[in-house]
Amino acid sequence: MQASYKFTNTCFIKIDAMEEGYVGVWFKGKPELHVNPELLLCEFCNEVLDQQVRLDLEKRYGTIRDSIYQFAFAPIKDRIDDWDE
Amino acid sequence: MRNEYSILPFTFKRLPHRKMLMVNQSGEFTFVSSDDFNNLLNHDLVADNSTYFELKGKHFLADTDLDIAQEMVATQLRSRKSFLRHFSSLHMIVVTARCNFICDYCHASSAALEQQKVDMNWAVAKKTVELIFSSPSPVLKIEFQGGEPLLNWPIIKEIVQYGIFLNRFAKRQLEFVICTNLTLLTEEMIDFIKEHKITISTSLDGPKLIQDLHRKTREGYSGYDVFHSNLQRLREGIGQDGASALLTITKSNLSRLQEVIDHYVELGFDGVFLRALNPYGFARQNMEQLGYSVEEFVGEYKNILRYLIELNLQGIPFAEYYTTLLFQRILTPFSTGFVDLQSPSGAAISGVIYDYNGEVYPTDEARMLARTGDRRFKMGHVLKNSYEELFAGALVKKLVKKSCIEVLPGCASCVYQAYCGVDPIRNYVETKDIVGHRPSSDFCKKNTMILDHLFQLIDENDPDVMDVFWSWITRRPLEEIRHDKFNRNSS
């Protein structure tokens with residue numbers, strides 16, 4: 001879905017669950033935008049790969065990002081308590 | 001065998017020639033080859049590889065010291081976001097909606113000279129100043145806007161004097177700015193401006209023919225001629241640095257920016273903000289006549305940036321402020337709040353605008369929207385609402401919550417997230433939704449294209465070009481930057 005979002009300006013997009021393990025994505029070029037279907041497909045495939053990398057990283061290391069934000073914006077008092085423990 | 005390291009959060013973008021740009025949470029960036037990128041993800045990077053040390057040093061990976069690396073990134077992130085610490089410091093006051101000009105691109109859709117009912121009165125002005133001093137910010141900048149603010153000069157004087165009086169007890173860093181076309185400036189005004197160290201922000205679109213093309217006086221005389229002579233008088237009174245100018249780029253001067261810059265230099269200005277036309281007020285109505293595509297704007301931006309670099313290398317110091325801001329964010333760890341480009345958005349929490357009638361809006365654009373009848377971004381009224389009701393109300397909380405770039409669709413995975421910002425009011429104007437739609441957003445397209453170009457220049461790493469950018473970032477002469485570099489290289 002994230003990979004499709006990038007193309008919502010030029011295309012109407014429909015995403016449907018197919019048989020188990022498969023998802024179908026349908027593109028329909030918006031009128032007067034002259035979408036090149038072959039280029040669109042290539043760009044979409046690359047975008048899927050990039051979003052998959054992000055998803056994998058998020059699964060493996062997402063907690064690190066959360067703890068960085070928590071640490072960065074925690075009140076100073078909480079940080080001192082952390083150090084004391 | 002997998003190499004043992006943790007990967008710290010980052011965003012990335014594919015570049016030409018199998019290169020990747022990676023940016024971590026605190027805004028540190030690096031360029032790596034696609035092979036190294038894949039090796040990093042597959043845990044195949046080995047510790048004797050220079051890329052490994054680069055990535056470790058810039059906190060893209062951590063091996064034995066994950067806790068320390070996380071704390072380092074968190075501390076850097078905290079520093080970068082420290083503009084949030086002080087809350088609203090920029091307070092814009094519209095002392096009148098009247099204007100002696102009727103510019104084709106006027107954002108504020110100004111009123112005619114005889115409509116004195118659109119002047120701010122003392123009751124509203126007094127309460128506005130008191131509200132401003134309720135802000136916790138140690139810096140309070142009061143910016144007078146219009147219309148043409150000099151048309152309500154008595155209220156400007158009252159506000160300045162009352163502000164200075166209140167500040168005897170509040171002890172803030174109090175600054176005043178008047179945004180004026182300069183044409184109504186009198187000797188008495190210049191004396192007052194000098195006495196109270198008020199700075200002036202004016203408008204300059206280029207030489208006379210360009211300036212008068214869209215900046216028209218209601219009475220039909222050349223605004224440029226009066227502007228020019230009053231600028232000289234003002235500078236004789238308050239000094240060369242007391243006045244800066246804002247450039248509005250329309251279709252008419254977009255392809256003549258070199259001429260515009262030359263005129264800025266000729267008039268003694270030392271920089272310019274290349275500001276694209278925003279879709280508000282008269283500008284929105286006149287887009288056909290004034291507008292241009294993002295591609296056209298960025299194309300000219302690149303040309304003029306090249307020209308400015310040449311000027312600086314020829315010994316004429318002249319900066320482009322938007323580029324400077326972005327480079328400060330990319331190349332330094334310092335906090336750079338900028339109301340129009342920050343996350344969360346600066347609307348209300350960094351800057352706020354008080355209309356002549358006492359209504360309070362999070363941004364000038366929200367006020368302009370109200371002029372067209374859409375008052376959804378009205379925070380309240382200075383005579384009816386308390387500071388807490390205005391600044392901690394549901395509207396401001398919603399604006400903050402919906403303008404965190406880190407979680408917005410399209411922005412959350414963008415490589416430029418650490419350097420960019422959110423404009424929820426513009427999102428609303430364009431899409432009727434404050435979250436907006438990035439794939440169709442000109443704001444997103446423009447910033448992406450500009451940042452693509454700046455990173456290309458960083459990657460090319462031409463020493464002359466980078467020296468010019470460092471002189472802009474540090475506001476130091478180019479010779480000093482080069483002298484320091486020479487000394488560093490020699491030692």
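Chain naming here is simple, since letters A, B, ... match the order of the sequence lines and numbering starts at 1 in each. The figures here come from the full heavy-atom set of this structure, side chains too, leaving out hydrogens, waters and symmetry mates.
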Using the ring of each side chain (for Trp, its six-membered ring), is B/Tyr292 parallel, tilted or perpendicular to B/Phe297, with breaks at 30° and 60°? parallel

Tell me the closest heavy-atom pair linking B/Ser335 and B/Ser82, and the distance in Å. CB-OG, 3.1 Å

What one should report as the nearest heavy-atom pair of A/Tyr69 and B/Leu77 is CE2-CD2, 3.7 Å

Could you tell me which portion of A/Glu58 (side chain, backbone, both or neither) has an atom closer than 4.5 angstrom to a non-hydrogen atom of chain B? neither

Counting only heavy atoms closer than 4.5 Å, note whether A/Ile64 contacts chain B via side chain, backbone, both or neither. both

Less than 4.5 Å to any heavy atom of chain A: does that hold for the side chain of B/Phe12, its backbone, both, or neither? both

Report which part of B/Gln70 has an atom under 4.5 Å of a heavy atom belonging to chain A: side chain, backbone, both, or neither. both

Chain A interface, residue from B/Gln76, B/Met72, B/Lys13, B/His437 that has the most non-hydrogen pairs under 4.5 Å: B/His437

Per-residue tally against chain A (heavy atom, under 4.5 Å) across B/Ser440, B/Ala69, B/Gly410 peaks at B/Ser440

Hey, are the side chains of B/Tyr416 and B/Cys444 touching, using non-hydrogen atoms and a 4.5 Å cut-off? no

Salt bridge check, B/Lys81 against B/Glu406: does any charged N sit closer than 4.0 Å to a carboxylate O? yes

